[in-house]
Number of protein chains: 2
Amino acid sequence: MARLPVYQRILLELVRSGTATVSSEQLADMARVNASKVRKDLSFLGSFGTRGSGYDTEFLLSHIDKELGLDADWPVVFIGIGNLGRALARSQGFTSRGFRVSGLYDVATELVGTTVGVHVVRHLDDFEADAAVDPPAVGVIATPAAAAQDVADRLVGAGVRSLLNFAPRVLRVPSHVLLRQVDLSIELQVLSFYLSHRDHPASASVSSPLPHPVGLSPVEPG
Amino acid sequence: MARLPVYQRILLELVRSGTATVSSEQLADMARVNASKVRKDLSFLGSFGTRGSGYDTEFLLSHIDKELGLDADWPVVFIGIGNLGRALARSQGFTSRGFRVSGLYDVATELVGTTVGVHVVRHLDDFEADAAVDPPAVGVIATPAAAAQDVADRLVGAGVRSLLNFAPRVLRVPSHVLLRQVDLSIELQVLSFYLSHRDHPASASVSSPLPHPVGLSPVEPG
DNA sequence: GTTTGTGAAGTTATTCACAGCG
DNA sequence: CGCTGTGAATAACTTCACAAAC
């Protein structure tokens, strides 16, 4: 269920702001979807609502967290501590709720030894030894494209079974390894599609009612 | 059509590697989808394939580019030149194929005047004057969450009609403004979902065949 | 009265399967 | 022959609408 993370974020904000209950309609507004959809989605997890008053935010959040596996504690290593890697490793979304930074690695000698948040950047050559002591579950690759496949091979070799690849290159991994390729510029291309069908000189007369391109609605992380 | 950017990326790589034609099955493999889906998707754009041999990569790419609006030249401003903003502004995906960096802005005096790629970071206070000269079409917000709404208001006030928000806060904008909220940690949560249904101690016996979580398959930008 | 949970209806997307073109 | 393009069949998803629960 691809909308679960969205509900999770919204509920997290509601819990933090002290809201005790929320109706499907309120949740739907915040997630920018239909209220029935929210109810169908949530009924998939079980009957957690109270008719007449809505859902208990804290109770519902804990169940979504469990469903998403955010009640676990997966060690995550970050490879490639450039601008993007640093941004990811420091972001609350990547360092809380189910995940724990277990190591930051790079090959640039001027980066090795520096600190990012509370963590010290180590040389990639130390990775295998570190992994033997504290085996990482997830590897986040934010290296240049040319290095990504080698890094992926080393991660897989060290037993990492899940990869998140931000480098703009398609990776080959064994079938038992979970891989998600992430391309930040896809968002811009989607925007471009709507832009061109709305503002483009060549299509100024397009009258088809395009749906409003509303993406995920993240809420404030801690 | 949400898969168009994926095909675009794959075709871009194929064209660069000198591949002249590609069959729907090859494309499907690379995009990790079904071959009929590729054909249906592409037939939506018109009849660009040649029966018996496949699609001309260059010809097809140019048509997808046109459909996505990547043949236009939208000026993009980046607000918030921290780690993420810098990573985005430097990435090929954000600075080519339909987009042009028209300005980088921040409020940190130690950042103002520094260069990112070929561009100089300017103070946010200069934005309105700059925008009057070269009106930006798209604004990319990569500020801290607390600043995001103010920045969005200023961008909209200056006539920007499309926003891409990477700050973890839901923005309110007038209905004529296109807004996409992007949350980088959603990818990790999706991974977490699969992780927990595969590796989690509590569900080690789950036998339902989860689909392999393969995301977008970006290819090397120039 | 309010709001959930859910069958039924409606809609959209995916896959099949094959005629028709190169 | 190989491969596209596409109607028909299938499946997935979304919305409606309302009975049951609080």
Side-chain angles (χ1 to χ4, degrees), chain A residues 1-7 10-11 14 19-64 67 190 193-194 197 208-217, chain B residues 1-7 10-11 14 19-64 67 190 193 208-217:
Chain A
M1 201 66 68
R3 284 182 296 271
L4 238 38
V6 180
Y7 301 144
I10 292 168
L11 286 166
L14 290 173
T19 311
T21 63
V22 65
S23 73
S24 59
E25 198 152 355
Q26 290 173 290
L27 252 179
D29 275 355
M30 288 181 274
R32 314 236 199 169
V33 297
N34 180 299
S36 328
K37 202 185 285 186
V38 170
R39 293 202 294 277
K40 262 271 157 63
D41 289 347
L42 297 184
S43 72
F44 171 77
L45 306 180
S47 289
F48 297 140
T50 310
R51 292 168 196 230
S53 57
Y55 299 88
D56 181 288
T57 51
E58 219 161 319
F59 185 68
L60 183 56
L61 177 60
S62 75
H63 276 275
I64 291 183
E67 183 64 22
V190 173
F193 175 81
Y194 288 102
H197 287 77
S208 67
L210 282 172
H212 199 69
V214 176
L216 299 167
S217 301
Chain B
M1 202 61 72
R3 285 182 297 272
L4 238 37
V6 180
Y7 301 143
I10 292 169
L11 286 166
L14 289 173
T19 311
T21 63
V22 65
S23 73
S24 60
E25 198 152 353
Q26 289 173 290
L27 250 179
D29 276 355
M30 289 180 274
R32 314 237 198 168
V33 295
N34 179 300
S36 326
K37 203 185 282 185
V38 171
R39 292 203 294 277
K40 262 271 156 60
D41 288 347
L42 297 184
S43 73
F44 171 76
L45 306 180
S47 289
F48 297 143
T50 310
R51 292 168 197 229
S53 57
Y55 298 89
D56 181 287
T57 51
E58 219 162 319
F59 185 66
L60 182 55
L61 177 59
S62 75
H63 275 274
I64 290 183
E67 183 64 22
V190 173
F193 174 81
S208 67
L210 281 172
H212 199 69
V214 177
L216 298 167
S217 302

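Note: hydrogens, waters and symmetry copies are ignored here, and every other heavy atom, side chains too, is used. In the text below, chain A, chain B and the rest are named by the order of the sequence lines, each starting its count at 1.
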Okay, side chain of B/T21, backbone of B/Y55: is any donor-acceptor separation there less than 3.5 Å? no
I need the [atom1]-[atom2] distance between [X] and [N], as an integer number of Å.
X     : N      : atom1 : atom2 : answer
B/R3  : C/dT12 : CZ    : C1'   : 12 Å
B/Y55 : C/dG22 : OH    : C1'   : 14 Å
A/D56 : D/dA21 : CG    : C1'   : 17 Å
B/K37 : C/dT12 : NZ    : P     : 17 Å
A/E25 : C/dT2  : CD    : C1'   : 11 Å
B/R51 : C/dC21 : CZ    : C1'   : 5 Å
B/R39 : D/dG2  : CZ    : P     : 14 Å
A/L45 : C/dT6  : CG    : C1'   : 15 Å

Can you tell me how far apart OG1 (A/T19) and CG (A/L14) are? Round to the nearest 0.5 Å.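 A/T19 atom OG1 to A/L14 atom CG measures 5.0 Å (nearest 0.5 Å).
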Give a yes/no on whether any side-chain N or O of B/S24 is located under 4.0 angstrom from OP1 or OP2 of D/dC3.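 No, no such contact exists.
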Report yes if a side-chain nitrogen or oxygen of A/N34 is closer than 4.0 Å to either non-bridging phosphate oxygen (OP1 or OP2) of D/dC16; otherwise report no.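 Looking at the OP1 and OP2 atoms of D/dC16, one of them is under 4.0 Å from a side-chain N or O of A/N34.
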With sequence neighbours left out, write down each residue that passes side chain to side chain contact (heavy atoms under 4.5 Å, CB included) with A/S23, or none if nothing qualifies. A/E25, A/Q26
Show the nearest heavy-atom pair for residues A/E67 and A/L45, with the distance to one decimal.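 Shortest heavy-atom separation between A/E67 and A/L45 comes out as CG-CD2, 3.6 Å.
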Does A/K40 make a side-chain donor-acceptor contact with the base of C/dT6, cut-off 3.5 Å? no
Assign A/S36 to base, sugar-phosphate, or nothing according to its heavy-atom contacts below 4.0 angstrom with the strands shown.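 The answer is base, as A/S36 lies within the cut-off (heavy atoms under 4.0 Å) of a base atom.
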Using a heavy-atom cut-off of 4.0 Å across all strands, would you classify A/F44 as base, sugar-phosphate, or nothing?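 Nothing: the residue A/F44, judged by heavy atoms under 4.0 Å, touches no strand.
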